[in-house]
Amino acid sequence: MVAATGHADTSVGNGELIKAVDRALTTHGRAHLTGPAGAGKTEVARAVAAAAEARHETVLCLAPEAADQWIPEASAAALLASVPPAALERLSGPQRTAIALLRREADAPRAGRDHIALRLAVVEVLRTLAAHQPVLLVLDNAQWLDAESTDLLRFALRLTPPRVRVLAAERVQGGASVGASLCGADAPAIRVPPLGADELAELLMHHGLPARLAGRIHQASGGNPRLALALGHSLAEAAEARDGSAHHADPLPVSGRARDVARGLLAGVPAQARRTLLLAALAARPTVSLLRRAGRPDAEAELAEAERAALVRVGEDGTVAFAAGALPTTLAADAGWPERAAGHAALADAVDDPVQAVRHRALAVDTPDQWLAAEITEAAAVCRRRGQRALAAELGLLAAERTPSWLAGEELARLVCAAEDAGWSGRADLARRATRAVLARDSSPADRVRARLAVIDAAGQALGTLEETFAHAMDEAAGDPSLQAAVQLRIAWKHNLSDGDPIRSCDAAAEARALAALGGDRTAEAMALTVRARMGRILGDTGAEEILAEALALPAPEVPLGMRNAPQYLAVRHALFDDRLTDARAQLMVLLPAVQRTGSAEDVFEVLRSLTEVELRSGRCESASAHARRALELTIEAGLSPGPAWYVAAMAETMGGSFARAEGYARRGIQASQEEQDQVFLSRSLHALGLVELATGEAAKAVATLRRVAALEAAQQVVDPSILRWHGELAEALTAADAPGEAAELLDSVRPVALRLGRTGVLAALDRAEALCLAARGEADAAVRLLEDTAHRFDSLGLPLERGRTLLALARVERRRRRRAPARAALRAAAEVFVRAGAGPWADLAREPAPGDTAGDGASPAAVLTEAEVRLALLVSQGASNQEAAAKLFLSVKTVEARLTRIYQKLDVRSRAQLATALRTR
């Protein structure tokens, strides 16, 4: 772990980079590591050095500071001071004298020193060290090497043997590269990339910061770990100052340490280029041509300097993007008001978008103006029609600031509208800012409720943190049925999402419906019925479909209170739960462009989430992964709660990507959901993790994880097993962990519910688990028949991945009873299914050689036995009695005897001696 102002955490995002540096050192003997300040070069260099030390190599480290570059031979003296004394014994007299003088008098005048002897001494020292074992010379902060030391090292490294390897880490900057001159033209230049948004989220969570901050901090830091941690540290300090904890809606304070880091990144830019960068920082969509029109004729050359310093990226079309959002914020803050005002005035005349022209004219003055405020308000309305609700919120706040005090009513209306735009777009920071302004004025209860509802709507999954907001909203809505209905609706959502209580959610929705009907709000009435239908499905109420049909029959706007809360969207979810995947996909393709037009990031995410799930169940993993990537990108950009997006990414990776990446996403989803008290997606992320553990053979871990899912689902009173299908997976994990009796009990408890509700896909999954229970009890023939039948049923239901998993289970059962040909056939069929679906991780499992193909001819017993059976077999083969094994494994002697009988049958042995031989020879 690193301090907030330190370097990147090598455990986050740098694993592949460290491997790349090792490969370069192995192949070329030299590696040149570059990147901006704070990118993590030092930590990568330390990790490479630590690995070399672990291989018993000699590691010499040199890390000059900025002041050292002006002291001749200072770095050479520091390097030689770290050399073991034994390496100096073979030096000639003049060479030892030269080194002694350098080490004693590094800052003394250089006249009179024997510089040739000093150079030869350095060469001899390196050769002596390399004669005993390989040497790794790590030069960190190579840009601060003094010129004389650079020249000395360049000479020495040309004459050293290949066993002397060099890693030079250097800050990227516009001038000549010291590291490149030391490593040579053939040495690979490896750039430290910025952290991705999900990697940055992991880093923030390691430092106790909310995962939901990841999107905003990633945008502000550009993935630079030092800047990201400085931003997080500033946020935590601001929260501590007001005696609270960091909140995802708090403004990011680009001040203190964060401002210092940003200033350090900007320090090398010449004054002229800095003026051009300031103008780019003030523009919403800067381009080279816009900057030229705004009075910077040499913009192209000046931006090229900034690009070499890794501050901006200039696209082929001339678009300018800052590497980190904190850079334009720092530029604007350091410029001062007159320079900012002049820049906005110049941009107002240069931009071709009327909305942006109004925005710049407003930012070029700081006095209220009735007509300008009206123009800004109209520009916000244009953004609203375009679906740019976040920009509409920003403009609404700006319009309120420019409204004269004698138009207090107009100012208040603009603030309320800005709050609602912020709530719609998920901009919790803007919603809270607008709401604070509304509450500070002489506002009506209706305006106060509308503003508070915006804060609730912008909170995403974190509704559990808004108890006080709900209480105030309920109090202020008294006497207005429509407002009361709106508040009760959100309370119903909270009871489901944060409290995990569908019954209370259903009750709140019923009250919301009654209030909406009293107030004549048909939209809220439809939404309340939608909540009741959703909760009815969870509770296993067969009348849920009728309630949904009633909601669908009510007239409602295209996207009332968010498509994610509309009956049309719930109908899609029910189609997914019922395995009517073609219908669900068709409806989602209609909804996707509709929600994209509205500008609601949460609605777009929800549709992408459902598309991911539909495509996965349909066996289209590549398409599912594309939707999941878009959902994750949108979540980070919009600052939404990351728990749901990480769950979606985990499921996409589980089926069509990588089990390792899936596990990482699932664990992040678990932590984020716990942070935000989101019980619904906590269950889902745990389910994703349990599925990965089951697929990768970690049955005991899968049992523990899926038991947590079972406990959460029970606490949330979930009855319908089609919503989150963990039951079959837990039964399979229990069987693999040698608890088939408990698995059978679970299946017996779930099957009647699935039968009553007609959940055919769930029943097929339960039958697959039942077959594995049968196999574990020695009823292999019955297990094979049931698995073959289940595979056919999954095929008819249009669930190819489930069919593939069933064929994989069939192959395992067949190989355990030494039926080579059927095992091969089932594996081939499973592999074909997975390859066709793009399910890479599962295709890899199906390509594994079937142990049954080589049974009795070198097959690994671990591939034939369960985890529990392997543990017992090892104990017995080492001489443990049944009683001793039972004590060590916390089992009864009877269980040990039964398990040992199965082990003997599987390995075709008849005694403990034969068992030991089988384990030893295979």
Side-chain angles (χ1 to χ4, degrees), residues 36-39 194 197 200 213 215-224 226-228 230-231 234-235 251-296 299-300 302-315 318-348 350-351 353 355-356 359-360 362-364 390-391 394-395 397-398 427 429-430 636-637 639:
L200 184 59
L213 290 170
R216 293 167 58 212
I217 289 186
H218 186 263
Q219 186 277 332
S221 67
N224 182 296
R226 182 185 298 171
L227 181 53
L231 286 163
S234 297
L235 185 65
L252 285 180
V254 185
S255 57
R257 300 184 189 186
R259 181 77 60 81
D260 289 343
V261 175
R263 283 172 175 158
L265 292 169
L266 291 163
V269 180
Q272 287 294 100
R274 194 180 179 95
R275 293 191 185 95
T276 298
L277 286 178
L278 172 63
L279 210 56
L282 300 177
R285 293 183 295 275
T287 64
V288 175
S289 59
L290 172 63
L291 297 176
R292 281 200 296 260
R293 292 198 303 272
R296 304 301 302 170
E300 199 160 8
E302 290 161 354
L303 288 170
E305 288 187 74
E307 193 168 24
R308 284 193 292 273
L311 298 175
V312 298
R313 295 181 295 275
V314 181
T319 56
V320 180
F322 281 91
L327 298 178
T329 303
T330 301
L331 284 163
D334 287 350
W337 163 249
E339 196 173 356
R340 288 199 305 272
H344 282 300
L347 288 166
V351 295
D353 181 357
V355 169
Q356 289 299 326
R359 172 179 167 270
H360 284 300
L363 291 170
L391 180 55
E394 292 178 21
L395 289 171
L397 283 165
L398 187 57
R427 284 294 301 272
D429 54 331
L430 296 179
I636 297 300
E637 289 168 7

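Keep in mind that the numbers below use all heavy atoms, side chains included, and drop hydrogens, waters and symmetry copies.
- L430 places a side-chain heavy atom less than 4.5 Å from the side chain of E394.
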request  = Could you give me the CA-CA distance, side-chain angles and deciding distance for R359 and L395, then say whether side chain to side chain contact (heavy atoms under 4.5 Å, CB included) is met?
outcome  = CA-CA 7 Å; R359 172 179 167 270; L395 289 171; 4.0 Å; yes
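- Annotation: the span from L279 atom CG to H344 atom NE2 amounts to 9.5 Å, rounded to 0.5 Å.
- When the shell of 6.0 Å around CD of E307 is examined, it contains more than 12 heavy atoms from other residues, nucleotides or ligands.
- Under the 4.5 Å side-chain criterion, counting only non-hydrogen atoms from C-beta, R285 is not in contact with T319.
- The closest donor-acceptor contact from the side chain of R340 to the backbone of A332 lies under 3.5 Å.
- Here the closest non-hydrogen pair linking L227 and A262 is CD1-N, 4.3 Å.
- Taking both residues in full, the closest heavy atoms of A280 and P286 are given as O-CG, 3.6 Å, listed atom of the first, atom of the second, then distance.
- Here the side chain of R293 pairs a donor or acceptor atom with the backbone of A350 at under 3.5 angstrom.
- The CG atom of L277 sits 11.0 Å away from atom CG of L282, with the distance rounded to the nearest 0.5 Å.
- Q356 approaches A284 most closely through the heavy-atom pair OE1-CB, 3.3 Å.
- The two residues P328 and F322 have their closest heavy-atom pair at CD-CG, 3.7 Å.
- Of the charged side-chain nitrogens involved, at least one lies within less than 4.0 Å of a carboxylate oxygen, so that D334 and R259 count as a salt-bridged pair.
- Using a 4.5 Å heavy-atom threshold, the side chains of L347 and L363 count as separate.
- For the atom pair CZ of R296 and OG1 of T276, the computed distance is 3.5 Å after rounding to the nearest 0.5 Å.
- If you run side-chain contact (heavy atoms from CB on, under 4.5 Å) between T330 and each of L265, V261, D260, L266, only L266 comes through.
- The CD1 atom of I217 sits 12.5 Å away from the CG atom of N224 when rounded to the nearest 0.5 Å.
- Here the CG-CZ distance, from L331 to R275, works out to 12.5 Å after rounding to the nearest 0.5 Å.
- Within the 3.5 Å criterion, the main-chain N or O of E300 finds no donor-acceptor partner in the side chain of R292.
- Shortest non-hydrogen contact noted between G222 and P194 is O-CB, 3.1 Å.
- Nearest heavy-atom pair, A220 versus A324, reported as atom, atom and distance to 0.1 Å: O-CB, 3.3 Å.
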